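Worksheet for the structure shown next.
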Amino acid sequence: MRKKTILSTMLLLAILPAAVRGATLIESRSGDGAVNRIWIDGGRMRVDVGGAPGYMLVDTDAGRMYSVNPLERAVVDLTPSPAPGGRAPRPAVEVVFEEKGDGPRIAGYATTRYVVTAKGETCSVEYLSREAMNEIGAYEVLRKVDQLSTAGLDETEMADMDPCTLAMLDVDRHYAEKGFPVRIEDVGGNLRTELVRIDRKATVPPPGFEIPAEYRSLDPETMGEEEPAPPAAPEEDEELQRMIEQLRRETPPQK
């Protein structure tokens, strides 16, 4: 179960007891209207996906990744185990960003429109902004999140992925060069995610980046063995997949 949970999450990145002030907030909305928020402060990141019961915490300095559920007062360590050989292989797929000219201003940022393909398959239409990437100003932590989120992948798992899924794991160099993805559409023109705003002096909701001491720690290796959990409702599975997508799509690293 741990392997499946970690793989899903990867394809999905002094602590104060009160709210943390001065973090960088990246707020976006999904195609269904849900509002998603990512806070970054130093080497720490918190990912809240609209409608999901909990949130993700990433500590790039410690190299840890957690799923936190306040309703259950529980936390699951989703830190991936190192890939064989100590270094995850890069996806064996050529990702092409074909420039299609200027895009509209989105959330106040100038954009350039790109069509993204992998092995000849069109994956998405993306509007990238160098201005927005510079505004975020958290290049190092974003680079570390990318490394952490792919650390547990091996060639066998990659072999089962389609070209566009593989492309998601290897777009970092394009984002670093071309800019932050402020809007992403699928091949049919439907919105996947769009930037709403960037706030360099945001307040993180309590408990900030802290995992409360009273929360119980669940082991994904054994959770559910004594008392099997009921199957997840379809909407819960959709929320998990959206969290995975948001974490991957909104953490492009800078070289």
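Here the structure is a predicted model, which means the values were calculated and not measured. Here, residue 1 is the first one in the sequence, and each next residue gets the next number.
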I need the minimum non-hydrogen distance between Ala34 and Gly50, along with the two atoms involved. CB-O, 3.9 Å

Please report the interatomic distance CG(Leu128) to CZ(Arg183), rounded to the nearest 0.5 Å. 13.0 Å

Among pairs that include at least one residue of residues 107-116, which meet side-chain hydrogen bond (donor to acceptor under 3.5 Å, both in side chains), considering only residues two or more places apart or in two chains? Arg113-Tyr127

Rounded to the nearest 0.5 Å, what's the gap from CG on Asp32 to CG on Asn190? Could you check? 12.0 Å

Would you mind reporting whether Ile38 and Asn36 have side-chain heavy atoms less than 4.5 Å apart? no

Ignoring hydrogens and angles, tell me if any N or O in the side chain of Thr79 forms a donor-acceptor pair with the backbone of Met65 under 3.5 Å. yes

Compare every heavy atom of Leu25 with every heavy atom of Ala202, then report the nearest pair and how far apart it is. CB-CB, 3.4 Å

Starting from Val115, can I reach Ile106 by hopping between I/L/V/M/F/W/Y residues whose side chains sit under 4.5 Å apart? yes

Side-chain contact test, heavy atoms from C-beta onward, threshold under 4.5 Å: evaluate it for Val35 versus Glu27 and give yes or no. yes

Hey, what's the ring geometry for Phe97 with Tyr175, parallel, tilted or perpendicular (30° and 60° as the breaks)? perpendicular

Is Tyr55 reachable from Val196 through a run of hydrophobic residues whose side-chain heavy atoms are each under 4.5 Å from the next? no

At what distance, to the nearest 0.5 angstrom, does CD of Glu194 lie from OG of Ser28? 9.5 Å

Mark yes or no for whether Thr60, through its side chain, and Gly43, through its backbone, hold a donor-acceptor pair below 3.5 Å. yes

Shared hydrophobic cluster for Val125 and Val96 (ILVMFWY, side-chain gaps under 4.5 Å): no

Partners meeting salt bridge (charged side-chain N to carboxylate O under 4.0 Å, His left out) with Asp199 (sequence neighbours left out): Arg197

So does Gly208 get a backbone contact from the side chain of Arg46, meaning a donor-acceptor N/O pair under 3.5 Å? yes

When you measure from the side chain of Asp41 to the backbone N and O of Arg44, does any donor-acceptor pair fall under 3.5 Å? no

How many angstroms lie between CG in Asp59 and CZ in Arg64, if you round to the nearest 0.5 Å? 9.5 Å

Interatomic distance, OG1@Thr24 vs CD@Glu135, rounded to 0.5 Å, equals 8.5 Å

Below 4.5 Å, heavy atoms only, C-beta onward: do Tyr66 and Asp77 meet side chain to side chain? yes

Polar side-chain atom of His174 near backbone of Val116 as donor-acceptor pair, under 3.5 Å: no

If every non-hydrogen atom of Asn69 is compared with every non-hydrogen atom of Tyr215, which pair is closest and at what distance? O-CE2, 4.3 Å

Is there a side-chain contact between Leu191 and Arg29, using heavy atoms and a 4.5 Å cut-off? yes

Can you list everything that forms a salt bridge (charged side-chain N to carboxylate O under 4.0 Å, His left out) with Glu121? Sequence neighbours excluded, please. none

Give the C-alpha distance, both sets of side-chain angles, the deciding distance and a yes or no for side chain to side chain donor-acceptor pair (under 3.5 Å) between Glu131 and Ser129. CA-CA 5 Å; Glu131 184 183 1; Ser129 173; 4.8 Å; no

Which heavy atom of Glu210 sits nearest a heavy atom of Leu57, and at what distance? O-CD1, 4.2 Å

Within a strict 4.5 Å, meaning less than it, do heavy atoms of the Glu72 and Arg216 side chains meet? yes

Looking at every heavy atom in both Ala132 and Val182, which two are closest together, and how far apart are they? CB-CG1, 3.9 Å

Minimal heavy-atom distance between Val68 and Pro70, with the atoms involved, is O-CD, 3.6 Å

